[in-house]
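As the structure is a computational prediction, the values presented were derived from the model and not from experiment. Just the heavy atoms: all of them, side chains too, but no hydrogens, waters or symmetry mates, feed the values below. Naming convention: chains lettered A, B, ... in sequence-line order (proteins, then strands); numbering from 1 in each chain.
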Amino acid sequence: MALHIYNTLTREKELFTPITPGHVGMYVCGPTVYNDVHLGNCRTFISFDIIYRYLMYLGYKVRYVRNITDAGHLEGDRDEGDDKFSKMAKLQQVEPMEIVQKYTLGFRRVMQLLNNLPPSIEPTATGHISEQIEMTKQLLANGYAYEVNGTIYFDVEKYSKEENYGILTNRKLEDLLEGTRELGGQDEKHGRLDFALWIKAKPEHLMQWPSPWGMGFPGWHIECSAMSNKYLGKQFDIHGGGMDLAATHHTNEIAQSKGCYHVSPANYWMHTNMLTVNGARMSKSLGNGFLPDELFTGNHPLLEKAYAPMTVRFFMLQTHYRSTLDFSNEALQGSEKGLRRLWEAFETLNKFAPVNEQASEAELDAKVKKLVEGFDESMNDDFNTAKVLANMFELVPIINSIKDGLIAANALASSTVTLLQNKFKAYLEDIFGLTNSATGNNEVLGDVVQLLIDIRKEAKSKKDFATSDKIRNQLAAMGIALKDEKDGNASWSL
RNA sequence: GGUCCUUUGGCCGAGUGGUUAGGCAGAGCUCUGCAAAAGCUCGUACAGCGGUUCGAAUCCGCUAGGGACCUCCA
């Protein structure tokens, strides 16, 4: 089966067909950098990192654009007041751009710790003010926007006469209106669903730019429309983001792009589900978010211990991206152990040398091949990483049994062993982006431990268990675990 | 109130109308000087009530619980 993607627009899994054969354009809504990213944000970016990596694995040339929102995000829903950067800047008594710099760097550091590849382009809202003004002008010219006292609003009612505004989340205009409050006397907007494209700035406002309508700053939604258009074109393949963005942000993006260019911007809309804590959504406004650093250090009242970035990444891979994922110590510890088991099997597998052309156990050979072929099949079914991991875990006992001699070394054909090695490497490292954080890669340390292992082996051969136990116990106290192997040697891990 | 999603064994979590998902935890056994690891075996789960069907955890309806969005949030 070729790659199928669940499309929010149609609420169905669809065969993925890129606009330009061999190329994929993908836009993902990035963070608003006015404070630290929390783990829920990270989940979305990890999910799309896997998708990005898998598309490349399939041979596509991918242009992956993920924006940094560094302007224009307002505090409330009324399209008035200060933006979040200005507010935080005042609070911390620094320039808004210092806020942006600080949290952008923090965001990139976390992404790197989680081993997310950087996107092809990471454009900022403040770097594309003129593009946003141009788009706003075009929307005014096309009759989908109006100006009130230097602020430009998108006219949802006008747009709805020609287009289906609620198409993305399958909502009727009347239902959407029902959920909104009545317009007050001081409201500038004509319609309750209208949203700002450009906002007039008060003189004391910290971040503002000149425009045909006076000094101001862009509304939140316009940046993604302007930047996706600039780097990916009027129409591109995939647009992604968290599910919470679908109803408002993405709905408005579609309206802006259609109002401006008369075409729907993206063919496939992908939405990742929320990370929850005790069943409730992790969010900035609820204040129940975990910061990545709190997780990596264990410095949080709800955490029993620290968890490595790779444990977190693996934890997220065990769930499908469209399911909610609940955060708990028990679940994380399960992932930690599972990852270790899988990784050790991977390292064992890499040491296998091909033995013979023919498999001495044809049935087992066929079973292994089938499980391996299941990797691609599962990923092609809307990126089912959980299923891939299940197959991998089924292969682990086979790998370990070959190592221990419980299964003959020539049981598998050499081509099967090579396939297994290649696919494990491709999936664990290239696609899932996991790295070995469990064992040290310091060569000197490795040599020292090997020396101790040799001394211990000698002691054991003389039945000097006092010495052998001392070495093992002391190393254990330092965090190095020795495991005796069948052949008399020992392996170790941190 | 409106729109929609979800409900799987101790925990986490896949899932196709008819076959053991998988991981973690737990129990037993094997291997081992001991330990750890590893291997083997084990729980026969699918919210409740109806219906469709030869057959449903998987389709439909109702009931109950949970959640999301409709307001800034990935």
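Nucleotide B/C31: unpaired (no Watson-Crick or G-U wobble partner with both distances less than 3.5 Å). Here B/U52 sits opposite no nucleotide as a Watson-Crick or G-U wobble pair (both hydrogen-bonding atom distances under 3.5 Å).
Under 4.0 angstrom from either OP1 or OP2 of B/G39 there lies at least one side-chain N or O belonging to A/Arg341. Listed pair A/Asn400 / B/A38 fails the phosphate criterion, with no side-chain N or O lying under 4.0 Å from OP1 or OP2. Remark: A/Thr248 is in phosphate contact with B/C70, judged by side-chain N or O atoms under 4.0 Å from OP1 or OP2. For the pair A/Lys172 and B/G2, the criterion of a side-chain N or O lying under 4.0 Å from OP1 or OP2 is not met. The phosphate of B/A68 has neither OP1 nor OP2 within less than 4.0 Å of any side-chain N or O from A/Asn273. Phosphate contact (OP1/OP2 of B/C12, side-chain N/O of A/Ser335, threshold under 4.0 Å): absent.
Side-chain atoms of A/Asn67 and A/Glu223 form a donor-acceptor pair, as typed in the model, at a separation below 3.5 Å.
Among the atoms of the strands shown, none is found under 4.0 Å from any heavy atom of A/Gly166. At a threshold of 4.0 angstrom between heavy atoms, the contacts of A/Glu336 with the nucleic acid are absent. Backbone-only engagement by A/Asp326 is indicated by non-hydrogen atom pairs under 4.0 Å involving sugar-phosphate atoms exclusively. At a threshold of 4.0 angstrom between heavy atoms, the contacts of A/Ala247 are confined to the sugar-phosphate backbone, with no base atom among them. At a threshold of 4.0 angstrom between heavy atoms, the contacts of A/Met392 with the nucleic acid are absent. The residue A/Met282 sits close to a base: some heavy atom pair falls under 4.0 Å. Contact annotation for A/Thr272: no contact, since no heavy-atom pair falls under 4.0 Å across all strands. Among the atoms of the strands shown, none is found under 4.0 Å from any heavy atom of A/His249. Note on A/Leu482: a base of the nucleic acid sits closer than 4.0 angstrom, heavy atoms only. Nucleic acid contact class of A/Leu275 (heavy atoms, under 4.0 Å, all strands): base.
A salt bridge links A/Lys423 with A/Asp376: at least one charged nitrogen is closer than 4.0 Å to a carboxylate oxygen. Taking a cutoff of 4.0 Å between a charged side-chain nitrogen and a carboxylate oxygen, A/Arg456 and A/Asp469 do not qualify as a salt bridge.
Taking every side-chain heavy atom of A/Lys337 into account, B/A25 is the closest of B/A25, B/G2, B/C34. Of the candidate nucleotides B/C34, B/G15, B/G13, B/G15 has the atom nearest to the side chain of A/Asn384. Of the candidates B/G10, B/C70, B/G23, the closest approach to any side-chain atom of A/Arg171 belongs to B/C70. Relative to the side chain of A/Asn170, the nucleotides B/C4, B/A74, B/G39 differ in distance, and B/C4 lies closest.
If you take NE2 on A/His300 and CG on A/Asp293, they are separated by 12.5 Å, rounding to the nearest 0.5 Å.
Ring-to-base geometry does not place A/Phe393 in a stacked arrangement with B/G23 (centre distance under 5.5 Å, plane angle under 30° required).
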